[in-house]
There are 2 protein chains.
Amino acid sequence: MSEVTPVLLDEQLCFSIYSASKKFNHFYQSALAPFKLTYPQYIALLALWEDAPLTVHQLGQRLELDSGTLTPLLKRLEKQGWVTRVRSRTDERQVLIHLTAMATAKRDEVYQRIGQCQTLLGMSDDEIETLMTDLVTVKAQLDQVSHQRLIDKQVNLQK
Amino acid sequence: MSEVTPVLLDEQLCFSIYSASKKFNHFYQSALAPFKLTYPQYIALLALWEDAPLTVHQLGQRLELDSGTLTPLLKRLEKQGWVTRVRSRTDERQVLIHLTAMATAKRDEVYQRIGQCQTLLGMSDDEIETLMTDLVTVKAQLDQVSHQRLIDKQVNLQK
DNA sequence: GACAATTTAATTGTATACAATACTATTTGA
DNA sequence: TCAAATAGTATTGTATACAATTAAATTGTC
């Protein structure tokens, strides 16, 4: 009697999320093609349209990305004219990310394009809300487990 | 009266999924650290433990990954002794991915490790099932939209 | 005020992802 | 039969991700 079913529900859920995330990515990539923006670049702009300037660190907190990801991403956005990267005068360690006039000007156009493409997901707002609530639960649990892992790691190091 | 709320529910959902996917990734990365496996490498092995050998193409269908991703991933798995890559004799175009004796031998150990770490997500099986069903809906819709995009693209090319 | 500790970005190295292209082997069709 | 189309894999180029390290600036403490 071998216990041969490791394909637990959790595992399938992980794959579902992994796969959905990639699909969403492609969706935005294609929707934003006229602006040559990727999804991560887009959400960076979204955060800045809401509140700018932001330091790299602040942006990272909102997007849950670190400087290793953001620095090159922001350099690309700068090269394409969406943002400027200015080292703060009051604290030379931080780099402030400002929106360019072009970024401000194009905001509504980008919004509109996304709106156009957002041909509903075939789910009610309630369903989406529920889905998101469940995802929050999953994420919280994963955070907790990975915190547990830290302790576990130390235990494992003993032997 | 400007329509300044582009942060639609869909957008928040996308970010939730994106963020959950990354967290799951870290979870597996850390759970599988003793085996030096990443999540994509792990699901490749999962597919092979279920059914091997598989061609790169077949594996790609199961994982929804193309050869650009799989070829280097499989080379890494080969270098670490999990699989062998053998060009098929009956059809020289395809490369068959076989499990090594080590991979077969370590299967249960890996399963066990994952089982150990899978300290429940704080959700019932029913809740998880519902979540996955909803994700399937979202994915189906995204597939449909991206298919629509193809037509759209052609229309846009006109002007 | 000196200096250790902390904070913040950038860099480096590794590993996905995927579009586009190239290349080879197989299959198909005239 | 053999040219054209197709299939399968690999390669190249671009863009994330993130751990680990480095470097620079600031803060806290004596």
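The figures here come from the full heavy-atom set of this structure, side chains too, leaving out hydrogens, waters and symmetry mates. Convention: sequence-line order gives letters A, B, ...; per-chain numbering from 1.
Over its full length, the helix from dG1(C)-dC30(D) to dA30(C)-dT1(D) turns its helical axis through 10°, comparing axes from the five pairs at each end and rounding to 10°.
Distances shorter than 4.0 Å separate some side-chain N or O of Arg85(A) from OP1 or OP2 on dA10(C).
Looking at heavy-atom distances under 4.0 Å, Gln58(A) makes no contact with the nucleic acid at all. Nucleic acid contact class of Leu70(A) (heavy atoms, under 4.0 Å, all strands): none. Ser67(A) comes within contact range of at least one nucleobase, with a heavy-atom separation under 4.0 Å. The residue Gln29(B) sits apart from the nucleic acid: no heavy atom pair falls under 4.0 Å. Looking at heavy-atom distances under 4.0 Å, Lys36(B) makes no contact with the nucleic acid at all.
Across every non-hydrogen atom of Ser67(B) and Pro72(B), the tightest pair is O-CD, 3.9 Å. When all heavy atoms of Lys36(B) and Gln80(B) are compared, the pair lying nearest together is O-OE1, 3.5 Å. For the pair Leu142(B) and Ala20(A), the tightest heavy-atom approach, listed with the atom from each and the gap, is CD1-O, 4.4 Å.
Distance, Asp66(B) CG to dT21(C) C1': 13 Å, rounded to whole Å. Between the NZ atom of Lys22(A) and the C1' atom of dA19(C) there is a distance of 14 Å, given to the nearest Å. The distance from atom CD of Glu92(B) to atom P of dA25(C) is 7 Å, rounded to the nearest whole Å. For the pair Leu96(A) CG and dT8(C) P, the interatomic distance rounds to 12 Å; values are reported in whole Å. Arg87(A) has its CZ atom 8 Å from the P atom of dA9(C), to the nearest Å. Leu73(A) places its CG atom 15 Å from the C1' atom of dA9(C), with the value rounded to the nearest Å.
Summary of the strand contacts: Asp91(A) and Thr69(A) both lie near DNA chain D, and taking for each the nucleotide with the nearest heavy atom, the more 5' one is attributed to Thr69(A). With DNA chain C read from its 5' end, the first of the two nearest nucleotides for Val95(A) and Arg76(B) is the one closest to Val95(A). Ranked by how close their nearest DNA chain C nucleotide is to the 5' end, Ser88(B) and Pro40(B) are led by Pro40(B).
Contact footprint of chain A on DNA chain D: nucleotides with an atom under 4.0 Å from a non-hydrogen protein atom, first to last in 5' to 3' order, dA15(D) to dT26(D).
No side-chain heavy atom of Lys75(A) sits under 4.5 Å from any side-chain heavy atom of Lys79(A). Within the 4.5 Å cutoff, no side-chain heavy atoms of Leu65(A) are placed close to those of Leu59(A). With contacts defined as side-chain heavy-atom distances shorter than 4.5 Å, the pair Lys106(B)/Trp82(B) qualifies.
A tilted orientation is assigned to the rings of Tyr18(A) and Phe15(A), their planes being inclined by 30° to 60°. Ring geometry for Trp49(A) against Tyr111(A) counts as perpendicular: the plane angle is over 60°, on a 0 to 90° scale with 30° as the lower cut.
Residue Arg85(A) is tested with Thr71(A), Leu77(A), Val56(A) for a side chain to side chain contact (heavy atoms under 4.5 Å, CB included); the sole match is Thr71(A).
The six-membered or imidazole ring of Phe24(A) lies away from that of Tyr39(A), with a centre-to-centre distance of 6.0 Å or more.
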